[in-house]
Amino acid sequence: MARPNEEVAAVLQEYADLVAITGGDAFKARAYEKAARAVGGHPADVSTLDLDGLRGIPNVGRSIAEKVIEYLRTGRVAAFEETRASVPPGVRELLTIPTLGPRKALALYEELRVSSVDELLDAIHRERLRGLKGFGEKTEQNILHGIELLRKAGGRILLSAAADAAERIVADLAGIEGCEDCAVAGSLRRMRETIGDVDVLVAAARAEPFMEAVSTLPYTAEVIARGPKKTSVRTLDGLQVDLRVLPPDAWGAGLLYFTGSKAHNIRVREIAVRHGLKLSEYGLFRVKSGRKVVSRTEEEIYGRLGLPWIPPTLREDRGEIAAGLADGLPELVTEDDIRGDLHTHTDLTDGLAPLEDMVAAAAGRGYAYYAVTDHAPDLAMQRMTREKALAQRDRLRALEGKYGRMRLLHGTELNIGPDGEVDWPDDFLAGFDLCVASVHSHFKQSREELTRRLVRACENPYVAIIGHPTTRLIGKRPPIDADFDAVFAACARTGTALEINAHPERLDLGDEEILRARRHGVKFAVNTDAHSVTHLPYLRFGVGTAQRGWLTKDDVINAWPLQRLRRFLRPAAG
DNA sequence: GCCGTTTTCGGCCCGACTGTTTTCAGTCG
């Protein structure tokens with residue numbers, strides 16, 4: 001149920017993979033990959049563009065533009081079909097295993113006829129990889145480890161994908177006559193970092209029209225179960241969606257029940273029992289008489305139990321009930337509190353959009369300030385130089401004042417090297433408004449080395465924010481093994497903020513680390529690390545994660561007014 | 001296949017690491 005841009009990007013990426021797997025021209029594969037990325041990050045809906053419009057997208061030339069049009073018109077690209085037919089789909093699946101690229105996938109297929117992850121596991125267990133050229137013992141271990149990592153994600157999908165799907169369904173169902181309310185519940189409403197299945201609730205007197213609608217939506221691939229109260233479907237993307245229709249009078253009780261978490265619900269029910277009440281998805285009832293007390297809204301139910309309304313992002317049984325009873329719930333930071341993004345890229349390095357487009361999009365979001373932080377030279381592939389950075393600064397300064405009161409900050413994302421050193425010397429760093437510093441390589445250093453490395457970065461007076469601190473990629477790469485309590489302590493001591501990277505694949509720091517870091521007295525920055533204008537709205541996933549870490553706007557430096565932020569970024573400069 | 005041009009070809013992000021080799025291919029950021 002991807003939007004047209006994502007759908008087209010996926011088709012182009014598939015072809016790029018196929019070209020690589022079949023040993024085709026590596027530059028051609030690369031060209032398709034670049035085009036896929038550009039289409040995915042393009043702000044305009046590709047299905048509304050003509051040939052010239054498509055060719056206006058960077059890295060999309062005549063040939064690809066024509067194929068995109070063909071795809072949008074017919075749902076397929078004739079030129080891709082032959083290559084597609086020559087490689088079983090499962091071979092491409094092998095590429096999702098970290099450390100396994102197209103060359104190895106091809107060797108496995110050609111030599112052993114392996115064409116799925118399961119077949120690969122089987123081949124390894126039967127020691128069929130032994131003796132295969134280029135596959136030693138370590139390779140085997142790495143593949144097994146990679147598969148384990150994949151399996152751990154266990155069919156759960158990224159928050160952003162679930163949110164896209166859910167919002168489309170909610171919009172479609174809300175338009176049906178008789179719909180009094182429609183909302184997502186479950187782990188998506190709680191903004192967990194991955195989502196198993198999507199729970200959608202509707203309040204309506206008659207359930208049938210909604211059961212029928214969800215079963216026949218254009219993006220519904222399969223009806224798994226259909227009953228009077230609940231229908232489960234699988235979308236074209238393979239996502240399971242459970243729809244439940246509630247009587248409007250039981251809306252609050254149903255929303256509470258289906259939002260969870262299970263552990264939170266158990267705690268709430270325990271309180272109900274102590275009040276001589278019982279709570280179900282139908283309402284709050286007196287135990288003795290069975291009479292209903294309240295059920296219409298969540299506020300009423302919590303209120304009757306002596307609790308304030310508890311934000312869904314806190315409902316994990318991490319002390320929110322006790323805090324609520326003691327009137328001690330945090331006033332959580334909200335998306336509206338965020339005054340600016342402090343970690344973003346442009347096409348000067350690996351971003352997709354020019355500086356001017358990114359700044360214009362930021363202004364459109366109503367920010368009070370906005371930082372551009374392209375990569376520094378130590379990430380060699382980005383080819384950054386002092387001259388380029390300074391030229392960008394001039395361009396940025398020239399935009400200052402063009403967007404009302406939005407102030408522009410010129411920053412950089414430094415690379416934290418193996419010993420904790422960063423790209424540029426102090427005198428050059430002093431010229432930036434802020435420096436984010438992040439780990440991009442050498443993930444497998446020892447715990448001591450990694451810890452020392454991050455602590456050293458914190459101690460650099462010019463480093464204001466540690467970017468994506470654990471470097472994990474959800475379902476792809478585990479967090480680095482550092483002593484993060486030592487890092488958090490160093491952040492608190494040196495006045496260095498920890499990033500909450502809002503990219504749905506990262507969400508780094510995650511909620512648990514935020515809770516730990518917070519106890520050290522650390523400040524945070526919720527940033528998107530946007531590489532295109534379409535990434536700027538990812539902020540909400542970062543804010544959701546911050547909320548799950550119990551953060552208030554005082555904990556988040558980019559919820560502060562500019563003056564206070566500047567003092568934090570550059571204490572030396574006053 | 002895209003792009004830019006000192007345009008219609010020749011380059012394409014560069015370097016490091018890992019594991020497999022014994023000089024290099026594959027993968028990653």
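In what follows, every chain begins at residue 1, and chains take the letters A, B, ... in the order their sequences are listed.
Here B/dC2 presents its P atom at 14 Å from CZ of A/Arg30, a figure rounded to the nearest Å. If you measure from atom NE2 of A/His531 to atom P of B/dC13, you get 16 Å, rounded to the nearest angstrom. Residue A/Asp374 contributes atom CG, which lies 16 Å from atom C1' of B/dG29 at whole-angstrom precision. Nucleotide B/dG29 holds its C1' atom 14 Å from the CD1 atom of A/Ile480, rounded to whole Å. Note: CD (A/Glu66) to C1' (B/dG1) measures 12 Å, nearest angstrom. Summarising the geometry, the separation between CD1 on A/Ile21 and C1' on B/dT27 is reported as 14 Å, rounded to the nearest angstrom. The distance between atom CZ of A/Phe80 and atom C1' of B/dG1, rounded to the nearest whole Å, is 10 Å. Going from atom CG of A/Leu12 over to atom P of B/dG1 covers 12 Å, rounded to whole Å.
Taking the side chain as every heavy atom from C-beta outward, A/Leu414 and A/Ser438 never approach each other to under 4.5 Å.
Residues A/Lys444 and A/Gly101 both approach DNA chain B. Their nearest nucleotides, taken by heavy-atom distance, put A/Lys444 toward the 5′ side. Looking at which nucleotide of DNA chain B each of A/Gly61 and A/Lys138 is closest to, the 5′-most match is held by A/Gly61.
A/Val60 comes within contact range of the sugar-phosphate backbone alone, with a heavy-atom separation under 4.0 Å but no base atom that close. No engagement by A/Leu379 is indicated, since no non-hydrogen atom pair under 4.0 Å with the nucleic acid exists. As judged by a 4.0 angstrom heavy-atom cut-off over every strand, A/Tyr32 is placed among residues touching the sugar-phosphate backbone only. Nucleic acid contact for A/Tyr15: none, since no nucleic acid atom lies under 4.0 Å from a heavy atom of the residue.
Under 4.0 angstrom from either OP1 or OP2 of B/dT18 there lies no side-chain N or O belonging to A/Asn142. Put simply, A/His442 has no side-chain N or O that comes within less than 4.0 Å of OP1 or OP2 on B/dA16. The phosphate of B/dC2 has neither OP1 nor OP2 within less than 4.0 Å of any side-chain N or O from A/Arg55. Within the structure, a side-chain polar atom (N or O) of A/Thr139 is placed less than 4.0 Å from OP1 or OP2 of B/dT20.
Under the 6.0 Å distance and 45° angle rule, A/Arg540 does not count as a cation-pi partner of A/Tyr538.
Under the 3.5 Å distance criterion, with hydrogens and angles disregarded, a donor-acceptor pair is assigned to the side chains of A/His531 and A/Asp350. Under 3.5 Å, the side chains of A/Glu448 and A/Thr451 contain no donor-acceptor pair of N or O atoms. Judged by distance alone, the side chains of A/Glu7 and A/Tyr71 do bring a donor and an acceptor atom under 3.5 Å apart.
Going from the C1' atom of B/dG26 to that of B/dT21 covers 13 Å, rounded to whole Å. Taking the P atom of each, B/dT20 and B/dT27 are spaced 13 Å apart, rounded to whole Å. Atom name C1', nucleotides B/dG19 and B/dC12: the rounded distance is 28 Å, in whole Å. Only the P atoms considered, B/dG15 is 28 Å distant from B/dT8, to the nearest whole Å. Taking atom C1' on both nucleotides, B/dC17 is separated from B/dT23 by 16 Å, rounded to a whole Å. Using atom C1' as the reference point in both B/dT7 and B/dC2, the two lie 14 Å apart (nearest Å). Rounded to whole Å, the P atom of B/dG11 lies 32 Å from the corresponding atom of B/dT18. If you take atom P in B/dC3 and the same atom in B/dC13, they sit 12 Å apart, rounded to whole Å.
Under the Watson-Crick or G-U wobble criterion, with both distances below 3.5 Å, B/dT8 is left unpaired in every strand shown.
Here B/dG26 is the nucleotide among B/dG26, B/dC2, B/dG29 with the atom lying nearest to any side-chain atom of A/Lys104. Residue A/His440 has its side chain nearest to B/dG29 when only B/dG29, B/dC3, B/dT27 are considered. Looking at the side chain of A/Arg477, the nearest of the listed nucleotides B/dT27, B/dG29, B/dG1 is B/dG29.
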Under the side-chain contact (heavy atoms from CB on, under 4.5 Å) rule, what do A/Glu111 and A/Lys133 come out as? Steps first, then yes or no, please.
-> CA-CA 10 Å; A/Glu111 304 295 325; A/Lys133 204 174 151 212; over 6 Å; no
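Screening A/Thr470, A/Thr545, A/Thr471, A/Asn501 against A/Asp508 for a side-chain hydrogen bond (donor to acceptor under 3.5 Å, both in side chains) leaves a single residue, A/Thr470.
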